[in-house]
Amino acid sequence: MKVFLSLFVIYFLAINIQINNAEIDCTIYANDLKIINLNPFYVSLNFYPSSTSIKLNYESQVTDFNIFNNVNPSSNIYCLKNLENLQLVNTNLTILPDIKNFQKLTSLLIQSDNGIIGQHLPSELGELISLSYLKLFDIKNLEDLPNEIDHLIQLRILMLQNIPNFNKIPDESMGKLINLRVLNLIDLPNLSTIPSTIKNFQSLIQFEITNTNIKNLELENLHGLSTLTIKSNSILQTIEIVNMLLLASIQIQNNNELLTLKFQNLSSLSSLTMSSNSKLTSLDMENISILQTISLSDNKQFKIATFKNLSNLNSINFSFLANFESISFENTPALSTVSITASSLSKNISFLNVPSIINLDLSGCQLTTFPESILTLKSLVNLILKVNQLSTLPLTLSTDLPNLQVLDLSRNNFQGNIFQQSPLIYLRELYLSNNSLVSIDGIGEYESLRNLDLNYNKILSIPLEIMELSSTLNTLTINYNQLHSIPYQMTNMRGLTSLIATYNNISDSERQYLYQIFNPTTIQFII
Ligand SMILES: *[C@@H]1O[C@H](CO)[C@@H](O)[C@H](O)[C@H]1NC(C)=O
Ligand SMILES: *[C@@H]1O[C@H](CO)[C@@H](O)[C@H](O)[C@H]1NC(C)=O
Ligand SMILES: *[C@@H]1O[C@H](CO)[C@@H](O)[C@H](O)[C@H]1NC(C)=O
Ligand SMILES: *[C@@H]1O[C@H](CO)[C@@H](O)[C@H](O)[C@H]1NC(C)=O
Ligand SMILES: *[C@@H]1O[C@H](CO)[C@@H](O)[C@H](O)[C@H]1NC(C)=O
Ligand SMILES: *[C@@H]1O[C@H](CO)[C@@H](O)[C@H](O)[C@H]1NC(C)=O
Ligand SMILES: *[C@@H]1O[C@H](CO)[C@@H](O)[C@H](O)[C@H]1NC(C)=O
Ligand SMILES: *[C@@H]1O[C@H](CO)[C@@H](O)[C@H](O)[C@H]1NC(C)=O
Ligand SMILES: *[C@@H]1O[C@H](CO)[C@@H](O)[C@H](O)[C@H]1NC(C)=O
């Protein structure tokens with residue numbers, strides 16, 4: 001009878017709440033478990049992070065409550081005054097002013113509210129003075145946060161994600177959240193400004209702005225910020241990032257209207273990644289001493305890059321820049337790898353005081369002439385120029401690049417013979433497949449050569465001078481050419497481990513003889 005009566009009281013109370021928003025009377029519950037048990041769904045007492053369950057402390061008070069997919073929790077849960085962590089995932093709990101009861105709540109996640117929350121959250125949200133983590137995710141109708149959030153001074157992590165109608169963060173109140181460490185503004189397509197008070201966030205470490213309606217972004221003097229992500233903001237035109245002493249990594253991706261970028265005084269910036277910003281045309285980096293890597297890809301209108309006085313810049317990786325014109329490096333003493341691939345590089349690459357470069361890859365850059373500036377890179381070891389339209393090499397290549405060991409010129413327009421021009425006496429690996437070479441006369445002077453790839457050319461014969469490389473040459477591949485035979489002396493090339501020459505014009509009897517004489521050698525021989 002007693003139980004029945006109290007159930008009736010609760011029912012009456014619930015109706016009452018809907019009518020006049022009166023506070024829930026929490027005095028009628030003897031303990032937390034009684035409150036939990038009144039939910040119209042099973043609540044496990046074994047706490048699991050992703051199922052409907054609670055955690056009790058040693059005084060049998062509920063400290064953690066997760067509700068998943070049980071759509072109508074009883075509003076008496078607002079009486080769980082010892083709650084520290086609450087997750088409401090896909091539930092229809094109305095957020096009542098009674099939320100202020102959660103004075104110990106440190107973490108609140110509300111995800112997929114089925115539209116129950118409406119346009120505004122109650123101002124009492126601001127009374128959760130212990131709150132340090134707040135995530136609102138997939139909230140249908142919410143438009144803003146209450147001004148009273150200014151009391152949430154313990155808040156460290158604020159994540160607002162996938163809230164289609166969200167359009168306002170109260171400027172002044174937001175500015176009070178000075179302990180914020182992580183701020184995510186993700187999938188808020190109606191948000192058009194970030195709070196001007198953001199400069200107060202001196203403890204902010206991580207900031208992401210993705211898929212918003214922000215047009216101009218100016219971020220200044222956030223001295224704690226370490227990573228910044230700016231993605232898929234469809235109308236974003238300008239970005240200014242100035243004076244951030246700890247900012248280490250910036251990612252700017254898929255902002256289709258982005259036109260101008262300004263970076264200044266970013267003394268800790270070590271990595272910059274930019275991709276798919278289809279209108280961005282230029283990038284200018286100067287005096288950023290920590291910057292180590294820069295990656296750019298698929299920025300369709302990108303034309304000009306200038307890098308000046310970047311004392312730690314180590315590697316550049318640019319790819320898929322269809323309208324790229326020129327790039328210049330000046331005073332980049334630590335630069336070791338430059339890779340610009342599948343781009344146009346139609347005008348110019350220039351290097352001034354770049355003393356440590358080791359790898360340069362300009363594959364697929366539509367080059368018709370060998371960029372002269374490469375000849376200034378005395379330290380260069382690996383030069384990859386495959387898939388271009390080169391037909392000549394500079395005569396001074398060998399003397400200008402004394403450290404060059406690997407040269408890849410596959411798929412270019414080299415014709416006839418290039419070996420006689422200027423012997424690359426230091427070269428160890430040479431890749432020349434898919435050109436139109438007819439002769440390799442002069443090969444004898446390539447004293448250091450270990451690997452030679454000549455596939456897909458029109459070479460008619462291997463000259464006997466190849467015996468000059470007898471102790472150095474390791475592998476020779478010369479498939480798809482027009483050889484009639486292979487010099488028999490090559491059986492005595494003591495350094496050779498592999499000679500592959502399939503798809504040539506060698507008669508059957510000649511082939512048989514060749515197999516016979518190469519048989520006793522240790523050379524892997526395939527024709
Ligand atoms: C929860 O809310 C949604 C949307 O209003 C509704 O379709 C659903 O029936 C509600 N669930 C319950 C159990 O009332
Ligand atoms: C965003 O705001 C505009 C008016 O400014 C409104 O028409 C639209 O429905 C809102 N919601 C979304 C998802 O764009
Ligand atoms: C850059 O930093 C220096 C020293 O920290 C400061 O004096 C200067 O005003 C800053 N420049 C800008 C544009 O903020
Ligand atoms: C870079 O540093 C040099 C020398 O300190 C200075 O003259 C120049 O104005 C600086 N450039 C920028 C963009 O800060
Ligand atoms: C390069 O930048 C550093 C600071 O990053 C500055 O002290 C130095 O003067 C600059 N040098 C030149 C040549 O601009
Ligand atoms: C350069 O960037 C492209 C595209 O982002 C990537 O596929 C490639 O692996 C990168 N190369 C290096 C050497 O990092
Ligand atoms: C190549 O770049 C250098 C340095 O940026 C510049 O001085 C020169 O005018 C450019 N040449 C062409 C042909 O664009
Ligand atoms: C060379 O050309 C052949 C035939 O067109 C092709 O199959 C092969 O992939 C090409 N190799 C290179 C390195 O481009
Ligand atoms: C192959 O060699 C024969 C005779 O040496 C010659 O007549 C023929 O034209 C050659 N074929 C090709 C494709 O070079």
Side-chain angles (χ1 to χ4, degrees), residues 14 18 39-42 52 67-75 88-95 110-119 138-142 231 251-254 270-277 292-300 302 305 313-322 324 327 335-343 345 357-365 382-390 406-414 429-437 451-459 477-482 500 502-504:
Q18 301 219 320
N39 279 297
F41 47 79
Y42 174 66
T52 298
I67 311 179
F68 284 82
N69 300 336
N70 287 296
V71 281
N72 274 329
S74 159
S75 54
L88 301 168
V89 178
N90 190 14
T91 73
N92 283 8
L93 183 67
T94 305
I95 306 300
I110 305 177
Q111 178 175 341
S112 302
D113 73 325
N114 294 321
I116 288 294
I117 287 182
Q119 290 155 288
D138 184 23
I139 311 295
K140 271 213 173 78
N141 302 316
L142 188 66
K231 284 199 301 207
Q251 199 186 345
I252 299 178
Q253 205 181 326
N254 203 13
S270 74
S271 144
L272 173 67
T273 306
M274 300 207 288
S275 59
S276 307
N277 303 291
Q292 289 179 4
T293 65
I294 302 178
S295 310
L296 245 78
S297 75
D298 192 27
N299 298 292
K300 290 197 179 58
F302 193 80
L313 185 64
N314 177 269
S315 80
I316 290 280
N317 182 4
F318 284 14
S319 58
F320 301 104
L321 306 174
F324 198 31
I327 183 165
L335 188 63
S336 104
T337 299
V338 172
S339 166
I340 303 171
T341 58
S343 299
L345 200 56
I357 191 165
I358 293 172
N359 308 300
L360 176 60
D361 183 349
L362 300 176
S363 303
C365 282
N382 301 305
L383 176 58
I384 315 297
L385 292 168
K386 64 186 182 199
V387 198
N388 281 291
Q389 287 126 44
L390 301 176
V406 177
L407 179 59
D408 190 340
L409 300 170
S410 306
R411 256 177 94 180
N412 274 278
N413 278 336
F414 291 102
E429 299 177 26
L430 178 57
Y431 301 93
L432 278 166
S433 67
N434 299 59
N435 281 282
S436 302
L437 299 174
N451 303 311
L452 178 58
D453 176 7
L454 295 165
N455 291 339
Y456 293 101
N457 278 282
K458 298 172 179 165
I459 296 163
T477 53
I478 184 166
N479 300 307
Y480 295 96
N481 276 277
Q482 293 170 16
I500 316 285
T502 60
Y503 298 98
N504 277 276

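Just so you know, ligand 1 is whichever comes first in the structure, and atom 1 is the first atom listed for that ligand. Side chains included, hydrogens not; waters and symmetry mates left out as well; all remaining heavy atoms used. Positions are given from 1, in the same order as the sequence printed here.
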Minimum-distance protein heavy atom relative to atom 1 (C) of ligand 1: N92 ND2, 1.4 Å
Aromatic ring pairing F302/F318, orientation class (parallel under 30°, perpendicular over 60°, tilted between): perpendicular
Where ligand 8 meets R411 - atom numbers and elements under 4.0 angstrom, heavy-atom basis: 12 (C), 14 (O)
Atom 13 (C) of ligand 1 - nearest protein heavy atom and its distance: V71 CG2, 2.8 Å
Nearest protein heavy atom under 4.0 Å from atom 5 (O) of ligand 1, yes or no: yes
Heavy atom of protein inside 4.0 Å of atom 9 (O) of ligand 6, strictly below: no
Inter-residue atom distance I459.CD1 - Y480.OH, 0.5 Å rounding: 15.0 Å
Heavy-atom neighbours of F320 CZ exceed 12 at 6.0 Å: no
Over all atoms of both residues, closest heavy-atom pair of T477 and D453: OG1-OD1, 3.2 Å
I340 side chain near C365 side chain, heavy-atom distance below 4.5 Å: yes
N434: numbered ligand 8 atoms lying under 4.0 Å from its heavy atoms: 1 (C), 2 (O), 3 (C), 8 (C), 10 (C), 11 (N), 12 (C), 14 (O)
Best match, Y456, Y480, Y431: closest heavy atom to atom 7 (O) of ligand 8: Y456
Heavy atom of the protein closest to atom 14 (O) of ligand 1 (residue, atom name, distance): N72 ND2, 2.9 Å
Non-hydrogen side-chain atoms of L93 and I116 separated by less than 4.5 Å: no
Closest protein heavy atom to atom 11 (N) of ligand 6, given as residue, atom name and distance to 0.1 Å: N317 ND2, 2.7 Å
Minimum side-chain heavy-atom gap N359-S339 below 4.5 Å: no
Sub-4.0 Å heavy-atom contact, S295 with ligand 6: no
